[in-house]
Every structure is written in structure tokens, then in C-alpha cells.
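A, B, ... follow the sequence lines: proteins, then strands. Residue 1 opens every chain. Note that the coordinates shown come from a computational prediction; the quantities given were computed from them, not determined experimentally.
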Amino acid sequence: MYQTILHDFDMRMLMDSGQVFRICCCGENTYAVASGRHLVRIRQTACGPSKEGTLSAFGMSGEGVSVEFSCSPQEFDSYWYNYFDLSTDYGAMKKAVDPKDSFLTSAISYGGGIRILRQDLWETILCFLISQNNNITRIRNSVDALCRRYGERLEPEGFLTGEESLSERDFYSFPEPEKIASGGLEGLQGLGLGYRDKYILAMAKRCCNGSGKEFFHSLQNADYEEAIAILTGEFGIGRKVADCICLFALHHIGAFPVDTHVKQILAAYYPKGFPFERYQGFAGVIQQYMFYYKLSLPSSRTKKEAVKPAPARKKIS
DNA sequence: GTCCAGGAAAAAC
DNA sequence: GTTTTTCATGGA
């Protein structure tokens, strides 16, 4: 077990932020995080004198949360510290936000515990291939089903203090390209992938054996623009998915993925344009606060009808 | 039945 | 070169 105090950190927000699909809640204030072949359980509790502790108070700058990792301090240092991007000061980026921008200030007050994770590249490429024209719940289910079919069962590492029983749920490693490729298209049926199965298979074949390592290294050594060019050259990856991979795996935090939600935000709240110049170099962090906050809003607020009233509805016969 | 979801490829203009 | 259609799937 390893315990520490963290700022700008909230597991529930990270779990639901849409950047990662392998975190689940497995008890009160307790979460399981799987990444590649790593698995850890994390318990987070409010600490210090804070205003009556709502969950939303977690992770706000200044307050901090007490966080227990089930793993050893060595595993924390060598993997999870980097995964959660704990060397970055998010308070500084929050302060850069225009105080007159009420949408953004609300978004940060609502989702201040979000960070940009440094996720495994192979895993992130596949997860965001699955994400296209899909919703977060279905993505999570497909990713989990894929890991159950081709991954290996992971043994929980270490224990949290006073842990009575482990979660009934079991966890699997993210499958290697060779495993997915060998199963062919048939091996991808029944996972809810829909038409995306052919993208997954093509990417798995492309990353088999040595060529995957080369591909990953070229991406990791590329700057943002180069990475976008490489990624969008692949079957099934367009600009939006490429931006997500750049942001969530390659940590190009200037990347600003525009999906259906962000498109709605920009149309509804920034009709005269979003001030990208103000957030140069870290717009992706700002984007993530906006995205997460938007998920909590009633859809009527940003749906097209709310912005521009739709013409009279066509009469049904 | 229709619309929507962290879109992109293929077809059609 | 740009716009439109198609592509699976399941929940609302």
C-alpha cells in the first residue's frame, strides 16, 4: 500500500471523463484502474478541514484528497505517478482561465479533479478507434469485452488498508496486437463493435511483431503535427480520433479534439469563436474540463433547437 | 420508428 | 475539391 495527498485529483471525475475506459468503481470511494498489464485499486477520502464534504469538493485545488494505492511504493513511482501525470501543476492552468468566461469557470468548478492521463499508446489507439460514433457506456463495454476475450486475467496487487473483501469483479490485461490479429474478424464478433471491427483488425495486423514497436516509437518521437499526420494516415483514424490519441496517450496537451459534444459547446456558448490563443499549448486540458461539464448539463441546453429554433416539425402521418 | 453517441470511409455531387 | 451517405449497435 502507498498513501499520499493529491491536489486537482478526483477518481470519480477521471473515471467518467471520457478519456479512459478501464476505470471502474468497486466500492465506496474505491476504484480499480487497469492499464496495459497493470492493475491497481485506489481509495480516495477527503482530508483536512474542508467544507461539508460533498464529492464535488474532492480534487479542488487547495483542499487535496487523501489517496491510497493498493500497490507498492515502487510500483507507484515507476508507473502510476506518471500515468496520473502527477508532476504537472493543474492549478496554474486553471488560473489562466478568463474569469469572465462563465461556462469555463463553471466547468472547472465542476470538474476540477480531472487530469490528462498518460495512457498506454496501443491501448489508447484501439479504445479511440472503438469510440467513433459511439457512446461512453458502449465503448466501456466493448473494451471490457475485448480484454475478457483476448487479455489475461490480472491478479490484484497489494491491498488497501482495512480491505475486507476484494471486488467480485475481475480484470484483464489489454490484449496484444498478435492476439487480436490471430482471431480474425470472427474473433471480434459479439463485442458490440459494429462496423468498427474491421478498423480494429487492420490496426492489430499492422502492429503485429516488430512493426508495432516501430510505429509506436515513431509516434512517441514525433511532435504534435507529425503525430497527427502519421495517425490520420491509418485506416479508421480521422482528425478527431488522432487528436484524442495525441492528448490522452502522447500527452500533447495542446490537442483539442472536437467531437459531437464539443461541437455543441462551441456552437452554444462560443458562437463568435473560442479563444484558443489564450490557451495556447494546453487547450486540451481546457477542452477536457468543458467536455466533462457538458455531460452533466441537460441536453436541451446545447442541442441545436436550443441554439437555433428548429423549423416546424414535420407532421407524422 | 427516430434520434443519438468522444466519426470516418466511401460515394456522389 | 467539397458535400452527402453509409456504416452497426443499443439506449432513450
Report task. Give the rounded distance in Å between these two atoms: CD1 of A:Ile136 and C1' of B:dC4. Result -> 13 Å
Report task. State whether a side-chain donor-acceptor pair under 3.5 Å links A:Tyr195 with A:Gln132. Result -> yes
Requested in this report: Measure from CZ on A:Phe128 to C1' on B:dG7 and round the result to the nearest Å.
Outcome: 13 Å
Query raised in the report: For A:Thr232, which contact category applies under a 4.0 Å heavy-atom criterion: base, sugar-phosphate, or nothing?
Result: nothing
Query raised in the report: Base, sugar-phosphate, or nothing: which does A:Gln189 touch, judged by heavy atoms less than 4.0 Å apart?
Result: nothing
Query raised in the report: When rounded to the nearest Å, what value does the distance between C1' atoms of C:dT3 and B:dG6 take?
Result: 23 Å
Report summary line: Assign each of A:Arg138 and A:Arg239 the nucleotide of DNA chain B bearing its closest heavy atom; nearer the 5' end lies the nucleotide of A:Arg138
Query raised in the report: What pairs with A:Glu123 under salt bridge (charged side-chain N to carboxylate O under 4.0 Å, His left out), at least two apart in sequence or on another chain?
Result: A:Arg22
Query raised in the report: Could you give the CD1-to-P distance, from A:Ile237 to B:dA8, as a whole number of Å?
Result: 9 Å
Requested in this report: Determine, for A:Lys263 against A:Asp259, whether the closest basic-nitrogen to carboxylate-oxygen distance falls under 4.0 angstrom.
Outcome: no
Report task. For C:dT2 and B:dA5, measure between their C1' atoms and round to the nearest Å. Result -> 25 Å
Query - Non-neighbouring partners of A:Phe291 that pass ring pair (Phe, Tyr, Trp, His ring centres under 6.0 Å), sequence neighbours left out - result: A:His261
Query - Selection from B:dA8, B:dA9, B:dG6 that lies nearest to any side-chain heavy atom of A:Val262 - result: B:dG6
Query raised in the report: What are the residues of residues 192-204 of chain A, sorted by number, that bring a heavy atom to within less than 4.0 Å of DNA chain C?
Result: A:Gly194, A:Tyr195, A:Arg196
Requested in this report: Give a yes or no answer on whether the side chain of A:Arg118 reaches the backbone of A:Phe84 with a donor-acceptor pair at less than 3.5 Å.
Outcome: no
Query raised in the report: On a plain distance test, is the side chain of A:Asn133 in donor-acceptor contact with the base of C:dA8 below 3.5 Å?
Result: yes
Query raised in the report: Looking at residues at least two apart in the chain, or sitting in another chain, which of them share a salt bridge (charged side-chain N to carboxylate O under 4.0 Å, His left out) with A:Lys100?
Result: A:Asp98
Query raised in the report: Rounded to the Å, how far apart are A:Ile245 CD1 and B:dG6 P?
Result: 17 Å
Query - Between B:dA5 (C1') and A:Lys240 (NZ): distance, integer Å - result: 10 Å
Query - Within residues 198-214 of chain A or reaching into it, pairs that qualify as side-chain hydrogen bond (donor to acceptor under 3.5 Å, both in side chains) - sequence neighbours excluded - result: A:Arg206-A:Glu234
**Report entry** Test side-chain hydrogen bond (donor to acceptor under 3.5 Å, both in side chains) applied to A:Thr88 - qualifying residues, sequence neighbours left out
**Finding:** A:Asp85
Scan nucleotides 2-5 of chain C against the protein and return all N/O pairs shorter than 3.5 Å with their distances rounded to 0.1 Å.
none

Query raised in the report: Ring of A:Phe291 versus six-membered ring of B:dG6: centres under 5.5 Å and planes under 30°?
Result: yes
Query raised in the report: Under the 4.5 Å side-chain heavy-atom rule for ILVMFWY, direct or indirect, which residues accompany A:Leu39?
Result: A:Leu154, A:Phe171
Query raised in the report: For A:Leu297 and B:dG6, what is the distance between atoms CG and P respectively, to the nearest whole Å?
Result: 14 Å
Query raised in the report: Is A:Gly236 touching bases, backbone alone, or none of the nucleic acid, heavy atoms closer than 4.0 Å?
Result: sugar-phosphate
Report summary line: With sequence neighbours left out, the residues meeting salt bridge (charged side-chain N to carboxylate O under 4.0 Å, His left out) with A:Arg140 are A:Asp16
Query raised in the report: How is A:Phe21 classified with respect to the nucleic acid when contacts are heavy atoms under 4.0 Å: base, sugar-phosphate, or nothing?
Result: nothing
Report summary line: So ring pair (Phe, Tyr, Trp, His ring centres under 6.0 Å) across residues 90-109 of chain A, not counting sequence neighbours, yields A:Phe103-A:Tyr269, A:Phe103-A:Tyr293
**Report entry** Protein-nucleotide distance (A:Asp243, atom CG; B:dA8, atom C1'), rounded to Å
**Finding:** 14 Å
**Report entry** Partner set under salt bridge (charged side-chain N to carboxylate O under 4.0 Å, His left out) for A:Arg278, not counting sequence neighbours
**Finding:** none
Query raised in the report: Ignoring hydrogens and geometry, is there a side-chain-to-backbone donor-acceptor pair from A:Asp197 to A:Leu193 under 3.5 Å?
Result: no
Query raised in the report: So does A:Gln264 get a side-chain nitrogen or oxygen closer than 4.0 Å to the phosphate oxygens (OP1/OP2) of B:dA5?
Result: yes
Query raised in the report: For A:Ile130 and C:dT9, what is the distance between atoms CD1 and P respectively, to the nearest whole Å?
Result: 14 Å
Query raised in the report: Counting only non-hydrogen atoms, which of residues 254-261 of chain A are less than 4.0 Å from DNA chain B?
Result: A:Pro257, A:Asp259, A:Thr260, A:His261
